[in-house]
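Okay, structure first, notes after.
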Amino acid sequence: MYCYKAFFEEGVLITRFYGEYVAEEGDKSLLAICRSMTLDERLSIKTVIWDLQDVTAMSLANTDIARATSFERELLNMFEPLVEDVAQHMNGIKIFHIPPNNSAVRDIFRERLARVSHPTRKTPAIDSDKPKKLPELLESLNLLKLLPLLNGEWQK
């Protein structure tokens, strides 16, 4: 399950996942969220943050390159008629994640990313030096002003 907040003026989309992360929930959530936005809102997003700390279960279902390629094609189609310019925009988007608290789930998440990774697919980097909590990540991105805004209602 997921909920999200978009901060268009800052160009930030934060998605919180919780409970069981089902199959390719991250990609499906991104498509659903983008469908709810205008083209200008989609183009305003420069930073995507996935907060997975409250994910309690995850599997390796739907972690093949063909499925990931299909997702990318569907996402690009949402930017019609700007498809050629969108590739450049997508390359500029920064993707971050807050890893799951549960170490077994964190390992599965790492494996999921490794399985769908290829040179043209943008996935969050995996390293141990990344911030472990959302406030720490926002601070590292100079976005602490968003922290109080996270207390309100999230969209589902």
Side-chain angles (χ1 to χ4, degrees), residues 1-59 61-101 105-106 108-109 112-113 115-118 120-126 130-131 133-135 137-138 140-141 143-156:
M1 306 206 13
Y2 71 91
C3 56
Y4 71 96
K5 282 198 175 213
F7 303 95
F8 299 114
E9 287 189 21
E10 291 80 11
V12 177
L13 172 64
I14 302 173
T15 306
R16 280 186 176 163
F17 298 91
Y18 53 94
E20 184 179 0
Y21 182 101
V22 179
E24 70 275 17
E25 185 171 3
D27 289 351
K28 284 183 175 182
S29 69
L30 188 56
L31 291 173
I33 293 165
C34 283
R35 280 187 199 101
S36 73
M37 295 177 180
T38 67
L39 181 58
D40 287 340
E41 288 171 338
R42 288 181 208 136
L43 290 170
S44 74
I45 300 298
K46 308 281 188 271
T47 303
V48 174
I49 299 171
W50 282 6
D51 182 348
L52 297 138
Q53 66 184 342
D54 294 325
V55 172
T56 57
M58 186 179 287
S59 75
N62 295 342
T63 54
D64 60 276
I65 294 295
R67 197 241 2 115
T69 301
S70 174
F71 156 76
E72 291 169 353
R73 192 173 321 120
E74 194 171 341
L75 185 62
L76 282 174
N77 286 339
M78 286 189 207
F79 289 88
E80 289 285 345
L82 307 172
V83 172
E84 292 178 17
D85 298 331
V86 169
Q88 182 178 356
H89 171 74
M90 297 289 227
N91 285 333
I93 294 175
K94 296 177 188 123
I95 301 173
F96 300 95
H97 74 277
I98 303 299
N101 286 330
V105 176
R106 190 169 43 248
I108 292 169
F109 180 64
R112 286 187 68 81
L113 290 179
R115 287 183 179 203
V116 297
S117 180
H118 60 79
T120 61
R121 178 161 168 84
K122 196 165 197 151
T123 57
I126 303 173
K130 285 193 162 243
K133 301 287 181 200
L134 190 54
L137 176 58
L138 291 174
S140 74
L141 298 173
L143 291 169
L144 267 179
K145 65 183 176 185
L146 297 181
L147 198 54
L149 303 174
L150 298 179
N151 293 328
E153 190 172 323
W154 288 65
Q155 294 178 302
K156 294 184 180 205

Check: For Q53, does its backbone N or O pair with a side-chain atom of R106 as donor and acceptor, under 3.5 Å?
Finding: no
Would you name the heavy atoms of [X] and [Y] that are closest together and state the gap between them?
X   : Y    : value
A61 : R112 : O-NH1, 2.9 Å
T15 : S29  : CG2-OG, 4.2 Å
H97 : F109 : CD2-CE2, 3.4 Å

What side-chain donor-acceptor pairs closer than 3.5 Å can you find for residues 145-155, not counting sequence neighbours?
residue	atom	partner	partner atom	Å
W154	NE1	L150	O	2.8
Q155	OE1	Y4	OH	3.4

Item checked: side chain to side chain contact (heavy atoms under 4.5 Å, CB included) against L30, all qualifying residues, sequence neighbours excluded -> L13, C34, F71, L75
Margin query: If the condition is side chain to side chain contact (heavy atoms under 4.5 Å, CB included), which residues does A57 pass it with, not counting sequence neighbours?
Written below: E20
Next item on the list: Would you please name every residue forming a ring pair (Phe, Tyr, Trp, His ring centres under 6.0 Å) with F17, sequence neighbours left out?
Entry: Y21, W50
To the nearest 0.5 Å, what is the distance between [atom1] ([X]) and [atom2] ([Y])?
X    : Y    : atom1 : atom2 : result
F7   : T47  : CZ    : OG1   : 12.0 Å
I108 : L113 : CD1   : CG    : 12.5 Å
L143 : L134 : CG    : CG    : 10.0 Å

Could you tell me whether the side chain of [Y] reaches within less than 4.5 Å of the side chain of [X], counting heavy atoms only?
X    : Y    : answer
L52  : V105 : no
K133 : N101 : yes
M78  : L31  : yes
D27  : N62  : no

Item checked: Residues which pass side chain to side chain donor-acceptor pair (under 3.5 Å) with T56, listed by chain and number, not counting sequence neighbours -> none
Notebook entry, point to check: Which pairs count as salt bridge (charged side-chain N to carboxylate O under 4.0 Å, His left out) when at least one residue sits in residues 28-54, sequence neighbours excluded?
Noted result: R16-D51, E24-K28, R35-E74
